[in-house]
Structure formats: structure tokens, C-alpha cells
Trainee: 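One structure coming up, written as C-alpha cells, with questions to follow.
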Amino acid sequence: MVVLENVVRIYRTRRGDVKALDDISFQIKKGEFAVLCGPSGSGKTTLLMTVAGMLHPTNGVVSVGQNNLYAMSARARAKFRAENIGFVFQMFHLIPYLNIIENVTLAGGTAVDKNKKAQANELIQHFGLAGRNYHRPAELSAGEKQRVAISRALLNRPKIVLADEPTGNLDPDNAATVLGYLSEFHHKGGTVIFATHGKEAEQLADHIIYLRNGRIENHT
Amino acid sequence: MSILSLIYKEIIHRKFNFLLGLLAVVTAVALFVSFATTGQAYRRETRRIMRNMGQNLRIIPKETPIDKFWSVGFSEHTMPEEYVHRFAELRGFSYTHLTATLQKRVMWRGMNIILTGILPEVLPLDKRHQSPMTFSVEPGTVYVGFELARSLEIKKDNVIDIFDKPFTVVKCLSETGSSDDIRIYGHLHDIQGILNLPGRINEIKALECLCLIEATKTKFDPRILAQKELAQILPEAKVLLLQGIAEIRQKQRAAMEGYLALILPLTVVVCGVWIGVLVMMNVRDRQQEIGIMRAIGYGSGNITFLFLGKAVIAGLLGAMLGFLIGTALALDLGPEIFKVTAKAIRPQYALLVWSIIVAPVFAAVSSFIPAMIAVTYDPAVTLREE
């Protein structure tokens, strides 16, 4: 389902070019749980952004489903992303002036949709945040923030969830909870690509891809 | 969630940034409105001051030798009184406040005086609403110059004989330090009777507003232009334009227009930059927010609308507040500054409509570059930052 062929991404800086991804090729089938491992600066986040259609590769092809992402227009790519891909970040990236329900429904787009609100409520309850709908992110713990971020990522019933070190800022209990939710999504048939520099997700993985200096060092 | 709702919530969250932006719009609109509201009074006041410098166009009989005219102070020749009416009936000319006079130096009660007949001011057909700038004298009455009144002990309400005709003194004039101090002013027709010159005058004074010069933007001598125009309608007359007064008038007008032309654009530019900087700060504060919105599928149009929509809201609110403040300032301070024409200062509601149209556009234009920068932020970079 997710196919990368010879993907290269070069950042041009004042001090010269930096090759963040160097000839990356792999394939992740629908419903698989893939873990991207590697130290900081190995290219994990760049790879996730490229798979998400947010970072044009310098070379190579990125396909999701049967769609060559970078052959699409920017608008079509944004629509595709909204409908098919959910994001979870290490820093949560919740909007500080929106309450929980608003942060979750933000993923539903600008149209007012009662179904989305009902769905958001279900997700919030499911992730153990019932009664916190009108709290702002500043009033939540790190674990709660990440559960809101997962709710937001799942609102549009995406086919793929891209998680960029989602447990990096959490204590072990909360990290386990988040992993549990992602595992649940995976067991319902969703595809997960989980970037981490730790080993916490390895037991869930169908694939483990080790990255170093932008290259695949190992793929098991 | 609608974009408007997002804009509203962000405004509430970052009140200070929004209030500063609003203040910029309010300042620009209030200054514009207060200038425009007092502008009418300002122009009238300037015109009044300029007008008080006296008439600057003198039309005298064609055969008058100029050296004699300047040495005596008036023409010793005459022309038909009907000229002043012919002149006044013309449309489309910039002359106004036409005063026909007949002056003659005579000996009276042992003094060398200037007997001056003056016709009530004639205004051109298209300028009948203007108030006269010179005094007029009723038939059977006279105004007596300061020196004559003092030397001959003439007082108000005295009846004096001028060449066997009785006249009531209605006013003894204050000292001017000019030949006016030895004048007796009467109604033109009375003086024509005394001097046995019925239907004759020896000068028409007028005010040339120099609209002609401004309209044509020529570098020609305005006197030549005036002479050209008048030669066709007043063949027995010639025109003298008092350049000094004319130039002061023109310079004053140019200075006034130049002042407004500098202040208003400067204010608009400063406020525009102010708004632009604030929006840029807002964009920088919201980099990650923009990144996450891009990540969950919001397109460039939505991101642009977030910033321009906020600017339009600031523009609308700023227009209304700015109009209220600008009008209040004009109504409060205007009459103190423009005492003579204070009544001309009134709220101009058309400016509210203009402000409501222009201010949001102005705020949106000022925010456009930062909004475009927001759109081009690379979410891959902003979301990676911790």
C-alpha cells in the first residue's frame, strides 16, 4: 500500500546540501505495523513527511494505494491527506485556543458536520477523556494531550496513521496506553508507520526499518 | 469547525496582537476622517483669510495710462457701468466678488478728498450664494474716512452736504494709514449724480481665485489669460492682476494641498507597515499551528483566509471605531481651530461608508505578504521543531 522507490531528499542549506534521505525504497502493505528506528537526525521525520505528501522528494516516487502522491496537485494531495492519513506527533501540536472537542473536529475540515462532532465525542470517550470536552490543551497532562492528538488523527477514519515519536514525551504508563491505541487501530485493519529512536514498539511491528544518516541500514 | 469560528477563537486567544492591529486601523481611519471632516472648514477658513487680503483683479478703462494709474491710484477715464453686469452674467469664469467703483479727486471743505461711489457687490450667476467681501453703502448715506472725520469733526448720524446734496453719515471709518482715510464713500449712483457721470465707472475690482490656472496647469502668465478672456467681452477695458496677492493665494492653496497630500499617505503607509509587522509576528507565533493544519489537510486557501479574514475583521471594526473617534475629534477640536468656519464642521456619514469599504481592503492588503509567507511555510520544517 505504501511504496517508496529510490526516494532521495536533499535539504539545501547555506553550508551546503544535506542528504536527509538517500535512495530509500520499501513497501508496506495494507494493515501492517511498520516501525522506523534510528537515532535523532537519521531521517525518520523527513521520511514520514514524505510519505504524508508534505515534503516533495528530490528524487524518487512515493505511492500510497495506487496514487503517486507527488504527481497530484497540491490541493488534491491535501484532500488525499485529509481523507487517508492521520498524524500523531511527539509534541502533540494541539491548537492552544481550541478546546478538546474543537481540536479533534478540526480534522473534519471547515464544514460544520454534526456527524463529525458525534464521532469526535465517541473518540474522546473511547480514549478516556469523557467530561474533558471543553478543556483547553493547557489544562491537560501530556498523556491526555497525546490521546486528544490520536483522536484527531483518527477522526476521518484514515487508512494510515503516521506517528512521529508519539511516546517520546510520555511516561511509561502513558506511552503504553498510546501504543495500545495505535495497536488497536492496527488490529482493525489500519496501517501504522511508527517512528521512534527507542524499542518500545518493536513487539508490535510487522516491519522494522533501521535508518542511519538517511539510508536504510537494516529492514527486517 | 468553520474558519470564521477559528478566526474568532484565535482573536480572543491573542487579544493583544489583535488590539494592536485594530489600533493601527483605528488610527489611520480616525486621522483620515478627522482631516476630511475638518477639511471643509479648513478650506473655507483659508479662503476667508485669503479673501480678506482683498481683490486681486482690477479692470480699468483701456485708454488709462498705467504710469498715471499707479501714481494717482485710480483711472481718470471711465467705462460703462453696464460692464460689471455683463461680466457677472458670464458662466464658467473663475472671477467673483465684482465691485464697480467711480472715484474722483475733488476739493471739499478746503480738503483734497477722493469721492468714491461704490455699487453693492455683484456676484456671478453661479456664485450667488457667496457672502460679499466688501461693504456697500445705501443711497443717501455716506461712509467718511478717518482723517476727514477727524479734521472736519464729522460724527456718525451727521447730515453733510456734498456739492449741495445732503447725505447722512452712517459710519466714520477707522484709521487705515492709506488714501482710504481721505475718502467719502457713497452709493455709486449718488456719486455718479454728483460728478455728473451717469452710468459711468472707472474701475471694476474682482477676485480671481486662480482656479483657471490650476485647471489648465499652464505656465502662462495668468494676467495674459485673464486679459484674453476679458478682451472678448469687455472691449473698452484692460486687466491688471495683482501678482503678489495672486501668488500668495496660490502658494497658500498649494501649501494646504501639499500638507494633506503628505500627512495622509504617510499615515496610511505607517499604519499599513504597522499592521504588516503585527501580522508577520502573528504568523511566526502560529508556525506550528499552520503546520498542523497543513498536515491534517487544510489547503493554502484556508490558511490565507485565516490571516486575511482576521485582517478584514480588524478593518471593519477599525473603520467603525475610527469613524467615531475621528468625527468626535473633529467636532471637539475643529471649532477651536477653525473659529470662523466652525459651523462647516459636521459629521460626514458618507465617510463611514467609505471607511467600511476601504479599511478592510487596506488591512487585508497590509496583511497580504505575511499571509503569503504563512502559506509557504514548510510544515515538514515547522512540525519538526520542538
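Naming: A, B, ... by sequence-line order, numbering from 1 per chain. Computed from heavy atoms alone, side chains included, the values below leave out hydrogens, waters and symmetry copies. Just so it is clear, the structure is predicted and the values come from calculations on it, not from any experiment.
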Trainee: Please tell me whether A:K116 and A:N156 have a donor and an acceptor in their side chains that are separated by less than 3.5 angstrom.
Mentor: yes
Trainee: Determine whether A:F92 and A:V148 make a side-chain contact, defined as any pair of heavy atoms from C-beta on separated by less than 4.5 Å.
Mentor: no
Trainee: Tell me if the CG atom of A:N68 is crowded by more than 12 foreign heavy atoms within 6.0 Å.
Mentor: yes
Trainee: How about A:V18 and A:I10: do any of their side-chain heavy atoms sit closer than 4.5 Å?
Mentor: no
Trainee: Hey, are the side chains of B:I275 and B:S367 touching, using non-hydrogen atoms and a 4.5 Å cut-off?
Mentor: yes
Trainee: Compare all side-chain heavy atoms of A:I216 with those of A:D22 and state whether any distance is below 4.5 angstrom.
Mentor: no
Trainee: Once you measure the plane-to-plane angle for A:Y181 and A:F127, does it fall in the parallel (<30°), tilted (30-60°) or perpendicular (>60°) bin?
Mentor: perpendicular
Trainee: Would a 4.5 Å heavy-atom cut-off, applied to side chains only, mark A:K159 and A:T191 as touching?
Mentor: no
Trainee: Side chains of B:I325 and B:V33, heavy atoms from C-beta outward: is any pair under 4.5 Å?
Mentor: no
Trainee: With a 4.5 Å heavy-atom cut-off (strictly below), which parts of residues 12-22 of chain B touch chain A? List them by number.
Mentor: B:H13, B:R14
Trainee: Would you check if the side chain of A:K145 reaches a backbone N or O of A:H93 as a donor-acceptor pair within less than 3.5 Å?
Mentor: no
Trainee: Sub-4.5 Å heavy-atom contacts with chain B: which residues of residues 69-88 of chain A show up?
Mentor: A:A78, A:R81, A:A82, A:F87
Trainee: Indicate whether the side chain of B:S300 and that of B:R294 have a donor and an acceptor atom separated by less than 3.5 Å.
Mentor: yes
Trainee: Does either side chain, that of A:D164 or that of A:T45, offer a donor lying less than 3.5 Å from an acceptor on the other one?
Mentor: yes
Trainee: Is it the case that A:N133 and A:N121 place a side-chain donor and acceptor less than 3.5 Å from each other?
Mentor: yes
Trainee: What residues of residues 94-105 of chain A sit under 4.5 Å from chain B when only non-hydrogen atoms are counted?
Mentor: A:I95, A:P96, A:Y97, A:L98, A:E102, A:T105
Trainee: Under 3.5 Å, is there a donor on one side chain and an acceptor on the other for B:N282 and B:K310?
Mentor: yes
Trainee: Is there a side-chain contact between A:D17 and A:Y11, using heavy atoms and a 4.5 Å cut-off?
Mentor: no
Trainee: Does a side-chain heavy-atom distance below 4.5 Å link B:C271 with B:T267?
Mentor: yes
Trainee: Are there residues of residues 135-143 of chain A whose heavy atoms fall under 4.5 Å of chain B's heavy atoms? If so, which?
Mentor: none
